[in-house]
There are 2 protein chains.
Amino acid sequence: MSGTTDDRLPPDGAVRPRGERPVTMWDVARRANVSQSTVSFVLNESTSVRIAPATRERVLAAVRELGYRRNAMAAGLRSGTSAVIGFVTDAIATTPFAGQVILGAQDAAWDKRHLLLVVNTESAPEVERQAVAMLLEHRVRAIVYSTWYHRPVTLPAGIDEVPVMLVNCFVPDADLPAVVSDERQGGRCATEVLIERGHRRIGFLTDAETAAPATTERLEGYRDALGDAGLPFEPDLVHVVTPDQEGGYAGALALLAGAERPTALFCYNDRVAMGAYAAIGERGLSVPGDVAVMGFDDQEVIAAHLRPPLSTIALPHYEMGHRGISRLLDLLDGGAAGSGVERLPCPYIERASV
Amino acid sequence: MSGTTDDRLPPDGAVRPRGERPVTMWDVARRANVSQSTVSFVLNESTSVRIAPATRERVLAAVRELGYRRNAMAAGLRSGTSAVIGFVTDAIATTPFAGQVILGAQDAAWDKRHLLLVVNTESAPEVERQAVAMLLEHRVRAIVYSTWYHRPVTLPAGIDEVPVMLVNCFVPDADLPAVVSDERQGGRCATEVLIERGHRRIGFLTDAETAAPATTERLEGYRDALGDAGLPFEPDLVHVVTPDQEGGYAGALALLAGAERPTALFCYNDRVAMGAYAAIGERGLSVPGDVAVMGFDDQEVIAAHLRPPLSTIALPHYEMGHRGISRLLDLLDGGAAGSGVERLPCPYIERASV
DNA sequence: TTGAAAGCGGTACCAC
DNA sequence: GTGGTACCGCTTTCAA
C-alpha cells in the first residue's frame, strides 16, 4: 500500500469541527481507498458506469463499517429533486375515513420509496397557504390535496408550482388531475341490488339539496337504476332528511306511514340507516323481512354492528389515496397519466339488511 | 445607479441552463442591489446583524416580485438541521384514534413551524428499519415512534441516532422519553364515578390477562378506587371477556345472573359496553335505572349513539401526539424536558349511562 | 451596515 | 473503470 491514501482529503482540507462529525462519502472513500465519486456511483448503482466488483465490495464494506448514511438534503440540492411528496389535507382525523386516504397514499408512496410530508389544515386558507409554502421550500416533487368528503375546492395559491393531484375533491371548471369516488355508480349499485332482491317500491332518504356530489349523484344513480329496470321514479318515495340518525329516524317514520309503504329504504349514509332501523323497529317491522335497508359509506363501527348488520356501499378511501399518489408518481416518472378526473367505484358491501 | 449591479453574479459566472431556473437568493440580491448574504440576513431576521430598514425593504420587495422561495434543502445542508420530524407509526388508520395522535402531533409541530414526515409500518420490522433509515437520510431532527394501542415495543435499530419520543408505547426496562395514557387513573376514575353515584357492587368486565397496561392497570385502578372507598374487592364481580360486543354481552349476562347482581358495570371498552347494553336489555333491565354502565375509550361513534348515550373514559390520543412533539421540540431547543415516561390523564366523559 | 468567500455533502460530467 | 472537479443554494464567519 502506498501512502497516497492519506492524501485523499476533501477539497477543503481545512480543519473540521472535532467531535462527532457525521460520516460522509469522503470518509467512506478514504476507507475503501477510492474516490468520493466512486462511492457515489456504487451507492446509486449507477448504470452509466461499470464498477469492478472488488471495488464495489470494498465500498460497501466501508459503508457498513462506518455506518454511513446518505444525506438526502445534499443529494436533493444537487440533483434538484427529492423523493418527497407533500400531502395537504383538511382533516386527518375528523372521520375514520381520512386516515384511510393517508394510508393508501402512504402505501403507494412507500412502494416507490417516497416519503410523505403531511400537513393538516382544517380548511383554513391561511394555514393552507403557509403549508404549501413550506412544502415548496422543501422542494417536494408534487402535492396531493385531499379532503375528507367529496367536494369542490379552491386551491391555495402557489400549489401549482409543482404537479398537483386532487383526492376526494375537484376544482369546478378546471380539468386538474383528480381521483374521486363515483357517487353515481354507488347510488345506482345500491338501488340495483335492492331491485334484484325484488323490491319495486324503494324509498330514498337523501340529504338536503346541496351541490355536493354525494347528494346529487347518488340520487342520479338511484334514478338511473330505476329507469334501467323500467321502474317509475316516484318523488313521494324520496325524502330529504338531515344526514344523521335523527334524520333517518324521522324520515323512515314518514315514509313508512305512507299509504303504500316502501319495502326497501336506500339511506344516504349509515347513520341515516341506523336511524331508520330504530323507526322500523318502532313500527313493529323487521329488517330485512319487512323492510330492506341499504346504507352508504360503510362506517364499519356502525354498519358491522347493527342488528342485523347493515349492507351498504363503501367509499374507496384507501384506493383514492393510493391511486392519487401512484398516478402522481407515474406522471413524474415521465408517464403521461395526465389530467382528468378519475372516478373510483364504490363497492357494495353485503351484510344482512337487504 | 452605477453599473456595478450587473457584475453581481454568482461565483460561478458560468452559463446556466436556460429555461425556467428557480429563483435563488442571488437573483433576489441582484434585483435588490445587495449581496446574497444580505438577503440571507434579511430573510432570517438575523439578530447578529443590523440591516438598514431601506435595504431590508428593497430585499423584501425583490423577494415578492420574484416570487422567491427559500430552498430548505440547501439551508438544511449548510446549517445541519431541518425543521422536520419523523413520525413512525404502526397504524395510521386501524382505529379512528390513530388519526387523533397524528393530528395532535401535527398541530404541535405546526405551532413551531415544523413539518412531519409520516411513515406507516404496520409493525413490520423490516419496514420499520427502512423507514428509520430513510428518515435519517433526510436528517430529521427527531423521531416520534407511535403505536395505536398502549403497549411495550422494541425500537428499530438506528432510531436512536436522533432524539426519540415514544407515544402510546414504551420500551420495558429502558427509561426513554415517552408519553402514554394513565390507564390506572382511568380505571380508578371510572370506578370512583360509579361509587359516587352510590353503587356498592360494581362489576368489571375486563380483557383477558395480558401484559398490556390497559388490562393490568385499569384493574389496578378499579381496586384502588374500591380500596379508597372502603369497599371490598370481590373476585366474583370481575369477569374476563373477549374485548368486543360478544364478550360484553356474554360477560354481562353472566354477572347479571349472579345471586346478588351488580348495580353497575365497568366495561373494559365501549364495545364491551355495547354488548352489555344488549344483555341488560334482554334481562328486561334498564340503563342506568337498574344497571349503570361505564365504558372506556370513548369511541364516539359507539358511545355517543347508544341509547342511552354511554358515559365513558376517553384516551388522550390527541394530547399524547401533541405532547410528544412538543416535549421533543422543547428538548431540541435546549430545554431538558428530558427522559421519563409521562402519563396523561384519561378524562371522564359524562353522558347518560351512569 | 454590507460584501466576499468558504464550505455543507452529494451528483454527474469529463478526462485519463 | 476510476478520479478530478465544478456546482446545487444557502449559512455564517471575517473583512471592509
Side-chain angles (χ1 to χ4, degrees), chain A residues 4-5 7-17 21-30 32-56 58-59 63 68-83 137-139, chain B residues 4-5 7-17 21-30 32-56 58-59 63 68-83 137-139:
Chain A
T4 59
T5 304
D7 300 339
R8 307 274 173 92
L9 287 174
D12 52 303
V15 184
R16 287 161 172 291
R21 187 174 51 75
V23 180
T24 73
M25 275 193 180
W26 273 102
D27 301 318
V28 175
R30 178 131 23 91
N33 241 306
V34 297
S35 76
Q36 181 262 355
S37 30
T38 299
V39 176
S40 175
F41 291 141
V42 170
L43 294 184
N44 292 320
E45 294 171 336
S46 169
T47 50
S48 67
V49 173
R50 222 132 279 308
I51 300 286
T55 308
R56 197 184 130 75
R58 252 185 305 136
V59 169
V63 164
Y68 168 78
R69 290 189 196 284
R70 201 175 79 100
N71 182 328
M73 294 197 288
L77 173 58
R78 178 61 232 225
S79 66
T81 73
S82 70
E137 289 190 358
H138 281 271
R139 297 299 187 266
Chain B
T4 58
T5 306
D7 301 339
R8 305 274 173 90
L9 287 173
D12 52 302
V15 184
R16 289 161 172 290
R21 188 173 52 74
V23 179
T24 73
M25 274 193 181
W26 273 100
D27 301 318
V28 175
R30 181 130 22 92
N33 241 305
V34 297
S35 76
Q36 180 264 351
S37 33
T38 299
V39 176
S40 175
F41 291 142
V42 170
L43 294 183
N44 293 320
E45 295 172 335
S46 170
T47 50
S48 66
V49 172
R50 219 135 277 309
I51 301 286
T55 308
R56 195 184 133 75
R58 252 186 304 139
V59 169
V63 164
Y68 168 77
R69 291 188 193 285
R70 202 174 81 99
N71 182 326
M73 294 197 288
L77 174 58
R78 178 59 229 230
S79 66
T81 72
S82 71
E137 289 190 356
H138 282 270
R139 298 298 187 266

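Since the structure is predicted, the reported quantities are computational estimates derived from the model, not experimental observations. Lettering follows sequence order; numbering is per chain, from 1.
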Novice: For DNA chain C, which residues in residues 40-53 of chain B have a heavy atom at a distance below 4.0 Å?
Specialist: B/F41, B/V49, B/R50, B/I51, B/A52
Novice: I want to confirm an ordering. Mapping B/R56 and B/S79 to their closest nucleotides on DNA chain C, which one lands closer to the 5' end?
Specialist: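 Closer to the 5' end of DNA chain C: B/R56.
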Novice: According to side chain to side chain donor-acceptor pair (under 3.5 Å), who are the partners of A/S37, at least two apart in sequence or on a separate chain?
Specialist: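 A/S35.
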Novice: With sequence neighbours left out, what residues match B/R56 under salt bridge (charged side-chain N to carboxylate O under 4.0 Å, His left out)?
Specialist: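 If we apply the salt bridge (charged side-chain N to carboxylate O under 4.0 Å, His left out) test to B/R56, skipping adjacent residues, there are no hits.
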Novice: Please report the distance, rounded to the nearest Å, between CD in A/Q36 and P in D/dG4.
Specialist: 11 Å
Novice: Give the minimum heavy-atom separation between A/T55 and A/I51, together with the two atoms involved.
Specialist: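 Closest approach of A/T55 to A/I51, heavy atoms only: CB-CG2, 3.8 Å.
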Novice: How many Å lie between CG on B/L77 and P on D/dC7, as a whole number?
Specialist: 17 Å
Novice: Side chain of B/T55: nearest nucleotide among C/dT11, C/dT2, D/dG3?
Specialist: C/dT2
Novice: If I take atom CE in residue B/M73 and atom P in nucleotide D/dC10, what distance separates them, rounded to the nearest angstrom?
Specialist: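 These atoms are roughly 11 Å apart.
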Novice: Please report the interatomic distance CE(B/M25) to OG1(B/T38), rounded to the nearest 0.5 Å.
Specialist: 10.5 Å
Novice: So, is A/R69 near the phosphate of C/dG9, with a side-chain N or O under 4.0 Å from OP1 or OP2?
Specialist: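 Answer no for this pair, as no side-chain N or O of A/R69 is under 4.0 Å from OP1 or OP2.
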Novice: Output all residues satisfying side chain to side chain contact (heavy atoms under 4.5 Å, CB included) with B/R69, sequence neighbours left out; order by chain, then residue number.
Specialist: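 Side chain to side chain contact (heavy atoms under 4.5 Å, CB included) check on B/R69 returns A/A133, A/L136, A/R139, A/E161.
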Novice: For B/Y68 and B/T24, work out which heavy atoms get closest and say how close.
Specialist: CE1-C, 3.6 Å
Novice: What integer distance in Å separates B/R139:CZ from C/dG9:P?
Specialist: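 Taking CZ of B/R139 and P of C/dG9, I get 8 Å after rounding.
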Novice: Between the axis at one end of the helix from C/dT1-D/dA16 to C/dC16-D/dG1 and the axis at the other (five pairs apiece), what's the angle to 10 degrees?
Specialist: 40°
Novice: Roughly how far, to the nearest 0.5 Å, is the CG atom of B/N44 from the CZ atom of B/R70?
Specialist: 6.5 Å
Novice: Ignoring backbone atoms, establish whether A/T38 has a side-chain N or O less than 4.0 Å from OP1 or OP2 of D/dG3.
Specialist: yes
Novice: To the nearest Å, give me how far apart CG (B/N71) and C1' (C/dC8) are.
Specialist: 13 Å
Novice: Counting only side-chain N and O atoms of B/T24, is one of them less than 4.0 Å from OP1 or OP2 of D/dG9?
Specialist: no
Novice: C/dT2 C1' sits how many Å from B/W26 CH2, rounded?
Specialist: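 Atom CH2 in B/W26 sits about 13 Å away from atom C1' in C/dT2.
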Novice: Just how far, in rounded Å, is P of C/dA12 from CZ of A/R78?
Specialist: 7 Å
Novice: Round to the nearest Å and state the distance from A/R58 atom CZ to D/dT2 atom C1'.
Specialist: 11 Å
Novice: Residues two or more places apart in sequence or in another chain: which of them pass side chain to side chain contact (heavy atoms under 4.5 Å, CB included) with B/S79?
Specialist: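 With sequence neighbours excluded, B/S79 shows a side chain to side chain contact (heavy atoms under 4.5 Å, CB included) to B/T81, given in chain and number order.
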Novice: Using a cut-off of strictly less than 4.0 Å, decide whether A/S37 has a side-chain nitrogen or oxygen near OP1 or OP2 of D/dT2.
Specialist: no
Novice: Nearest heavy-atom pair of B/H138 and A/S82: which atoms, and what distance?
Specialist: CE1-O, 3.8 Å
